[in-house]
Amino acid sequence: MASNAPSANPNSLIGPLKNLFRSKDMSMVVVLIIVILLMVVQLPPILVDALLAFGFALAIGIMLLTMYINQPMEFSAFPTVLLLITLLRLGTNIAVMRLILLNGEAGAVVQTFGNLVVGGNYVVGVIIFLMIMIIQFVVINSGASRVAEVSARFTLDAMPGKQLAIDADLNAGLIDENQARARRKFVENEADFYGAMDGASKFVRGDAVAAIIIMIVNIVGGFIVGVAQHGMPLDKAIQTYVLLTVGAGLAIQIPALLVSAAAGLIVTRSTSETPLGTQLMGQLGNFNVLTVAAVLIGLFVFVPGIPPVPFIIISGSLGGAAYMVNKTKVTEAAKQEAAIVASQQPVSAEPETPEQMLEMVVVDPLEMEIGYSLIPLIDSNDQDNLLKRITGIRRQMMSELGIVLPVVRIRDNLRLMPQSYRIKVRGQEAATGELLLDRLLAIPSGSIDSSIVGIPTTEPAFGLPALWITEAEHNQAELKGYTVVNPFSVLGTHLTEVIRGNAAELLDRQMVQEMLNQLRQKSPASVDGVVPDLITLGELQAVLRNLLRERVPIRDLSGILEVLANHAPITRDPNLLSEAVRQTMARTLSNMYQDGSNTLHVFTLAPQVEGQLRSALVPGENGAGLRIDANTAQTILMRTGEQMERLAEAGYMPLLLCPRELRLALRRMYEQSLPNLIVLAFSEVSQGIKVKAHGMVQI
């Protein structure tokens, strides 16, 4: 009778097994199996030789890897690797010890180290072994442990400042959410890495102690086995087992010394973005130092009794190095000069035809000129360059204000100072600044008691006092309460503030027309019958400019057009139409200025001042204005400035809350003397928003 039970298909297991053995994680299983075998199984001498050779290769590879990485985080698995190597080395030690005690031999590698390295003299071998252990334990491992401990503490202390810097770049539009998330992850991984290195250094310390204990146990155990079990003479037992123990110790601890040195190298590396050799040669290759050192070493030749040949060789080598350094610097200077000369050459021929001359008449809406020292900012090969920052700023302005920025023209200007830049709006200078590309800008946060060493300067975007500091002082500055930003962020923040302050001038008719065309494709009813039937394109541009002048977003163009369609039959005055639009944006305006507790912090006009200003209102061509004498106006400005300072000291934006009919007139009165003052009408406060008054403007 045939069975209906499904038969096992052996082919169904082949695929999963193939995937298992192809997995990179399988290497960890192999290492675990090897460590277990080393501890429980007696291996033949040939396999022990292979393990010792593998230990040498592994130590040399790790040492070279720590030299060629650009920054420590590129080898973030090093603490785990250090633990695995320690386990493998201890297992090898047990396997070698078993062979020595059982067979009185431990393979060709151990025998070679016992005879060749120490010359067959076990006393010399013990001394050399102890010296290696002292160097590893007292010098390298102790220093690496201390550096790892300090680095871990400083990295953890600097995490809040780094997170704030990332949030500042994200809020400024210099990076997007994915980049911010990646940078936060890097900061967390960096803290985890140095914390793990602090603990992993204890593995190496314990390994050094275990090596000394294993050597003592091997010598004592070998002496007992040789004399008591094998009947060896006393001197022969000491010679055989001590020599094998010392040879095994040297074969195992020399790679351990290399791994300890690699641990010291990786925790002492800075984020220089260059391999260790390139960094050292760039910093140690000083012509003056090499020349003076060559001369001083050469003078030792004339000291009586000193062999001249070694000093002549060393002096000649230093002199040759000085010559090569000087030659390299001359070549680099020539290349730099050639680049400057090339940059001075005109990119194109002088305009000759009328068409070419007409091209010079067109003024770029937004332009940036940079000195020749800042040309590396626009290097397209760099991961972070000025062009990518500007793209991020354009996205931010679209999201924040609702305008599509024109292309930012970047030109080098040899008339500027090498480290200077200039931002132009419609061909006119709007802002200037200076950058030091090899330094970071440290801005004090509030009251800072301790100071740091740096070049005094002024933060260009907000005019705050600041310092240009070196990369080495980065962590120290953050610990002392400074906000540290790189030159890219300084320039990006400055450009963003210039754009915000000049957004109204950058909004031209062509941009407004393109915005209307885009809106017409999605919502044709919002545009048709309004522009140009009820309001012209120029009047719409004037309304939008009025809103942008006070940094009110115009993203909701459809809603703005609906308000204009309702009010255009009554008035065509752009100022009055702008005020009508503002009344419908109460929620947007309130959300712009409220704090985290849903509260607006404001100051108001005293009743007598409010009544006096109401009586001074007069109609004009561009809306209502104030007709008051100069002394009264000056007093109101002065008292308003005092209230602004009081709010600023409390950490709030300067915001004046006033009646709707006075808002436009007050804004015009304040815009020249107090451009940072925000003037908000009572009707522009959204429902549910709490208002807290901090003072009144009184005469």
Q594 backbone acceptor or donor facing N598 side chain under 3.5 Å: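 Judged by distance alone, no pair lies under 3.5 Å.
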Test side chain to side chain donor-acceptor pair (under 3.5 Å) applied to Y421 and E369, H494, E434, the passing residue: H494
May I ask you to check whether S526 and S558 show a side-chain donor-acceptor distance below 3.5 Å?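 A pair is found: one side chain offers a donor N or O, the other an acceptor, under 3.5 Å apart.
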For A477 against V484, the heavy-atom pair lying closest together: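 Closest approach of A477 to V484: CB-CG2, 3.8 Å.
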More than 12 heavy atoms from other groups under 6.0 Å of CZ on R587: no
Give a yes or no on whether R572 atom CZ has more than 12 heavy-atom contacts from other residues, nucleotides or ligands under 6.0 Å away. yes
M592 atom CE, over 12 foreign heavy atoms within 6.0 Å: yes
Measure the shortest side-chain to side-chain distance between R422 and M368 over non-hydrogen atoms and say whether it is less than 4.5 angstrom. no
Are V602 and L656 close enough that some pair of their side-chain heavy atoms sits under 4.5 Å apart?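 With C-beta onward as the side chain, the pair stays apart.
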N502 side, atom CG; I423 side, atom CD1 - distance, nearest 0.5 Å: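 One gets 9.5 Å once the value is rounded to the nearest 0.5 Å.
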CD-CD distance between Q643 and E645, expressed to the nearest 0.5 angstrom: 10.0 Å
CD1 of I455 to CG of L467, rounded to nearest 0.5 Å, is 9.0 Å
Between I452 and Y482, is there a side-chain heavy-atom distance shorter than 4.5 Å?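 Of all side-chain heavy-atom pairs linking I452 with Y482, at least one is under 4.5 Å.
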For residues L537 and L516, determine if any side-chain heavy atom of one lies less than 4.5 Å from a side-chain heavy atom of the other. yes
Parallel, tilted or perpendicular: which describes the rings of H601 and Y652, with under 30° parallel and over 60° perpendicular? parallel
To the nearest 0.5 Å, how far apart are CG in L548 and CD in Q541?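 If we round to the nearest 0.5 Å, L548:CG and Q541:CD are 10.5 Å apart.
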Counting distance only, does the side-chain N/O of S489 pair as donor-acceptor with the main-chain N or O of V485 below 3.5 Å? no
Measuring from I499:CD1 to T496:OG1, what's the distance to the nearest 0.5 Å?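 If I round to the nearest 0.5 Å, the distance is 6.0 Å.
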Side-chain ion pair, E642 and R639, N-O less than 4.0 Å: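 Answer for the salt bridge query: yes.
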R426 side chain vs E505 backbone, donor-acceptor pair below 3.5 Å: yes
N-O pairing of E400 and R394 below 4.0 Å: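 The answer is no: the pair does not qualify as a salt bridge.
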For the pair E473 (side chain) and Q476 (backbone), establish whether a donor and an acceptor sit closer than 3.5 Å, ignoring hydrogens and angles.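 Flag not set: sc E473 to bb Q476 has no pair under 3.5 Å.
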Keeping the roles fixed (side chain from T640, backbone from I636), state whether a donor-acceptor pair exists under 3.5 Å.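 Yes; judged by distance alone, with no hydrogens or angles, the pair exists.
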I need the minimum non-hydrogen distance between L637 and S673, along with the two atoms involved.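 The answer is CD1-OG, 3.8 Å.
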Scanning both residues in full, the closest heavy-atom pair of V679 with E550 reads O-OE1, 4.3 Å
Chi angles and distances behind the side-chain contact (heavy atoms from CB on, under 4.5 Å) call for I535, L577: CA-CA 11 Å; I535 186 173; L577 292 175; 3.9 Å; yes
Is any side-chain heavy atom of E579 less than 4.5 Å from a side-chain heavy atom of N575? no
For N517 and Q513, test the side chains for any donor-to-acceptor distance below 3.5 angstrom and give the result as yes or no.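 Indeed, the side chains of N517 and Q513 share at least one donor-acceptor pair under 3.5 Å.
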Identify the heavy atoms of P465 and P444 that sit nearest to each other, and give their distance.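 It is O-CD, 3.1 Å.
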Go through it in stages, so that I can follow the logic: the residues are R509 and E539, the test is salt bridge (charged side-chain N to carboxylate O under 4.0 Å, His left out), and I'd like the CA-CA distance, side-chain angles, deciding distance and then a yes or no. CA-CA 10 Å; R509 291 198 178 193; E539 290 169 343; over 6 Å; no
F603 and M696: CA distance, side-chain angles, deciding distance, side-chain contact (heavy atoms from CB on, under 4.5 Å) verdict: CA-CA 5 Å; F603 64 94; M696 290 189 299; over 6 Å; no
Are side-chain heavy atoms of I554 and M515 found at a separation under 4.5 Å?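 A side-chain contact under 4.5 Å exists here.
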Does T571 use its side chain to pair, donor to acceptor, with the backbone of H567 at less than 3.5 Å?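 It does not hold such a pair.
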Closest non-hydrogen atom pair, M669 against L626: SD-CD1, 4.0 Å
Taking side chain as C-beta onward, heavy atoms only, is K692 less than 4.5 Å from L600?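 Contact flag for K692/L600 side chains = no.
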Show your working on side-chain contact (heavy atoms from CB on, under 4.5 Å) between L366 and K424 and close with a plain yes or no. CA-CA 6 Å; L366 195 58; K424 289 184 175 181; over 6 Å; no
Could you go through the salt bridge (charged side-chain N to carboxylate O under 4.0 Å, His left out) check for E649 and R646 one step at a time? CA-CA 5 Å; E649 291 174 356; R646 184 176 301 176; over 6 Å; no
Side chain to side chain donor-acceptor pair (under 3.5 Å) assessment of N546 paired with R667: CA-CA 11 Å; N546 286 340; R667 178 58 195 163; over 6 Å; no
Kindly indicate, with the supporting measurements, whether the criterion side-chain contact (heavy atoms from CB on, under 4.5 Å) is fulfilled by L435 and L374. CA-CA 8 Å; L435 296 177; L374 304 184; 4.0 Å; yes
In this structure, which one of R663, R660, Q583, R582 forms a side chain to side chain donor-acceptor pair (under 3.5 Å) with S683? Q583
Under 3.5 Å donor-acceptor, D556 side chain and G559 backbone: yes
Less than 4.5 Å apart, side chain to side chain, heavy atoms only: is that true for P659 and E610?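 SC-SC contact between P659 and E610 confirmed.
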Show your reasoning for whether salt bridge (charged side-chain N to carboxylate O under 4.0 Å, His left out) applies to D595 and K690. CA-CA 10 Å; D595 63 2; K690 295 176 289 186; over 6 Å; no
Looking at S590 and A586, would you say the former's side chain and the latter's main chain have a donor-acceptor pair under 3.5 Å?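 Confirmed, S590 side chain pairs with A586 backbone.
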Output the distance between atom CZ (R549) and atom OG (S578), rounded to the nearest 0.5 Å. 9.0 Å
Shortest non-hydrogen contact from L441 to A466?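 Residues L441 and A466, closest heavy atoms: CD1-CB, 3.7 Å.
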